[in-house]
Student: 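Mind looking over this structure? Questions follow.
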Amino acid sequence: MTYSISQVAKKFNLTIHTIRYYEKEGVLPFIKRTKSGIREFDQKSLDALNMIECLKKTGMSLKDIKVFQDWCAEGDSSIEKRKEMFEERKEDILGQISELQHVLKLIEFKCWYYGKASELGSEKAVMELEKDKIPDEIKKLYQETHDY
């Protein structure tokens, strides 16, 4: 089964321009075309695009994605390089997740804080709350997000 560029763009939530750019930059070099020049995307193309989007979400540049694809084309001789690249990506993502968990805790605290301020009528009222009136999970969130 083959797909048109518009179908692929919709499937991956990309613009047609982006897909054409990927092709121009050489990270989608094996797109087949009909006799009239219309791009046809097969499963191999979709898999490649899925990998490109995955690697881009890790912060990888198109230039580095191209290097990865070149390693894939080399075959088994580059397995170790590819493994190391994915291990580095994994570490980067785990770091980002950790940072985002910290951000989420601060946001959760602020949701409680402003919700309580709205309920009580002022921020001052929240700041004057007795410690035993503040839920333990909120105290913990405050400590975790204000422990510099």
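Reckoned from all heavy atoms, side chains included, excluding hydrogens, waters and symmetry mates.
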Student: Specify the closest pair of heavy atoms between Ile134 and Lys139, including all atoms of both residues, with the distance to one decimal.
Tutor: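 Minimum heavy-atom separation between Ile134 and Lys139: O-CE, 3.1 Å.
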Student: Once you round to the nearest 0.5 Å, how far does CG of Leu14 lie from CD of Glu53?
Tutor: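 Interatomic distance, Leu14 CG to Glu53 CD, rounded to 0.5 Å: 4.5 Å.
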Student: Taking a hydrophobic cluster as the set of Ile, Leu, Val, Met, Phe, Trp and Tyr residues connected by side-chain heavy atoms closer than 4.5 Å, whether directly or through intermediates, do Leu141 and Leu100 fall within one such cluster?
Tutor: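 In one cluster with Leu141: Leu100, no.
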Student: Answer yes if the side chains of Asp47 and Gln43 hold a donor-acceptor pair under 3.5 Å, and no otherwise.
Tutor: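 Yes.
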Student: Taking all non-hydrogen atoms of both residues, which atom of Ser78 and which atom of Glu74 are closest, and how far apart?
Tutor: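 Here Ser78 and Glu74 meet closest at CB-OE1, 3.4 Å.
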Student: Side chains of Lys11 and Leu46: closer than 4.5 Å at any heavy-atom pair?
Tutor: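 Yes. Closest side-chain heavy atoms under 4.5 Å.
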Student: Flag the pair Glu23 and Arg20 as a salt bridge only when some basic side-chain nitrogen lies within less than 4.0 angstrom of an acidic carboxylate oxygen.
Tutor: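 Looking at Glu23 and Arg20, the cut-off is not met.
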Student: Does some side-chain heavy atom of Leu49 sit less than 4.5 Å from a side-chain heavy atom of Ser45?
Tutor: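 A side-chain contact under 4.5 Å is absent here.
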Student: For a side-chain contact (heavy atoms from CB on, under 4.5 Å) check, start with the C-alpha distance between Lys32 and Arg39, then their side-chain angles and the critical distance, and finish with the verdict.
Tutor: CA-CA 6 Å; Lys32 295 180 176 124; Arg39 291 171 181 87; over 6 Å; no
Student: Would you call Lys56 and Leu62 a side-chain contact if the rule is heavy atoms closer than 4.5 Å?
Tutor: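 SC-SC contact between Lys56 and Leu62 confirmed.
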Student: Report whether Tyr21 and Ile65 are members of the same hydrophobic cluster (ILVMFWY, side-chain heavy atoms less than 4.5 Å apart, transitive linking).
Tutor: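 Yes, because Tyr21 and Ile65 connect within a single hydrophobic cluster, where side-chain heavy atoms sit under 4.5 Å apart.
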Student: How about Asp132: does its CG atom have over 12 heavy atoms from other parts shown lying under 6.0 Å from it?
Tutor: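 Result for CG/Asp132: enclosed.
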Student: Would a single hydrophobic cluster contain both Ile107 and Trp112, if residues Ile, Leu, Val, Met, Phe, Trp and Tyr are joined by side-chain heavy-atom contacts under 4.5 Å?
Tutor: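 Trp112 does not cluster with Ile107.
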Student: Can you confirm if the NZ or CZ of Lys110 lies within 45° of the ring axis of Tyr113 and under 6.0 Å from the centre of its six-membered ring?
Tutor: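 Relative to the ring axis of Tyr113, which defines the angle, Lys110 lies inside both limits.
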Student: Which pair of heavy atoms, one from Met85 and one from Leu55, lies closest together, and at what distance?
Tutor: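 Residues Met85 and Leu55, closest heavy atoms: CE-CD2, 4.0 Å.
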Student: Using a 4.5 Å cut-off on heavy atoms from C-beta on, say whether the side chain of Ile93 contacts that of Thr58.
Tutor: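 Of all side-chain heavy-atom pairs linking Ile93 with Thr58, at least one is under 4.5 Å.
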Student: Take Glu137 and Lys140 through the salt bridge (Lys or Arg N to Asp or Glu O under 4.0 Å) test and state the conclusion after the steps.
Tutor: CA-CA 5 Å; Glu137 65 269 12; Lys140 185 178 178 193; over 6 Å; no
Student: Out of curiosity, Ile5 CD1 to His17 NE2, how far, rounded to the nearest 0.5 Å?
Tutor: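 Ile5 CD1 to His17 NE2: 10.5 Å, rounded to 0.5 Å.
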Student: Working to the nearest 0.5 angstrom, can you tell me the gap between Leu120 CG and Met127 CE?
Tutor: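 CE of Met127 is found 11.5 Å from CG of Leu120.
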Student: Side chains of Ile16 and Ser6, heavy atoms from C-beta outward: is any pair under 4.5 Å?
Tutor: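 Touching, per the 4.5 Å side-chain cut-off.
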Student: Indicate, with yes or no, if Leu129 and Tyr114 share a hydrophobic cluster defined by side-chain heavy-atom contacts under 4.5 Å among Ile, Leu, Val, Met, Phe, Trp and Tyr.
Tutor: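 Linked, Tyr114 and Leu129 end up in one cluster.
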Student: Work out which heavy atom in Pro29 is nearest to a heavy atom in Gly26; give both atom names and the distance.
Tutor: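 Minimum heavy-atom contact is CD-O, 3.5 Å.
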Student: Hey, could you give me the CD/CZ distance between Glu144 and Phe109, rounded to the nearest 0.5 Å?
Tutor: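 It is 12.0 Å, given to the nearest 0.5 Å.
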Student: Checking Lys90 against Leu94 for the side-chain contact (heavy atoms from CB on, under 4.5 Å) test, could you report, in this order, the C-alpha distance in whole Å, the side-chain angles of both residues, the deciding distance, and whether it holds?
Tutor: CA-CA 6 Å; Lys90 178 182 172 184; Leu94 289 172; 4.1 Å; yes
Student: Please find the pair of heavy atoms, one from Thr2 and one from Gln7, that lie closest to each other, and give the distance.
Tutor: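 Distance-wise, the nearest heavy atoms are O-OE1, 4.4 Å.
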Student: Could you measure the distance from the OH atom of Tyr22 to the CG atom of Leu28? Nearest 0.5 Å is fine.
Tutor: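 With rounding to 0.5 Å, OH (Tyr22) is 8.5 Å from CG (Leu28).
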Student: Compare all side-chain heavy atoms of Arg82 with those of Ile79 and state whether any distance is below 4.5 angstrom.
Tutor: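 The answer is yes; the side chains approach within 4.5 Å.
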Student: Check for me whether the distance between the ring centres of Phe68 and Phe86 falls short of 6.0 Å.
Tutor: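 Centroid distance Phe68-Phe86: below 6.0 Å, so yes.
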Student: Salt bridge or not between Lys66 and Asp70? Use side-chain N to carboxylate O under 4.0 Å.
Tutor: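 Looking at Asp70 together with Lys66, the answer is yes, because their closest N to O distance falls below 4.0 Å.
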Student: Inspect the contact between Glu108 and Lys105 and indicate whether a charged nitrogen and a carboxylate oxygen are less than 4.0 angstrom apart.
Tutor: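 Result for this pair is no, no salt bridge flagged.
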Student: Could you give the distance from CD1 (Ile19) to CZ (Phe41), rounded to the nearest 0.5 Å?
Tutor: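 Between atom CD1 of Ile19 and atom CZ of Phe41 there are 5.5 Å.
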Student: Would you say that Gln69 contacts Val27 through its side chain, given a criterion of any heavy-atom pair below 4.5 Å between the two side chains?
Tutor: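 Touching, per the 4.5 Å side-chain cut-off.
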Student: Any non-hydrogen side-chain atom of Asp42 less than 4.5 Å from a side-chain atom of Phe30?
Tutor: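 SC-SC contact between Asp42 and Phe30 ruled out.
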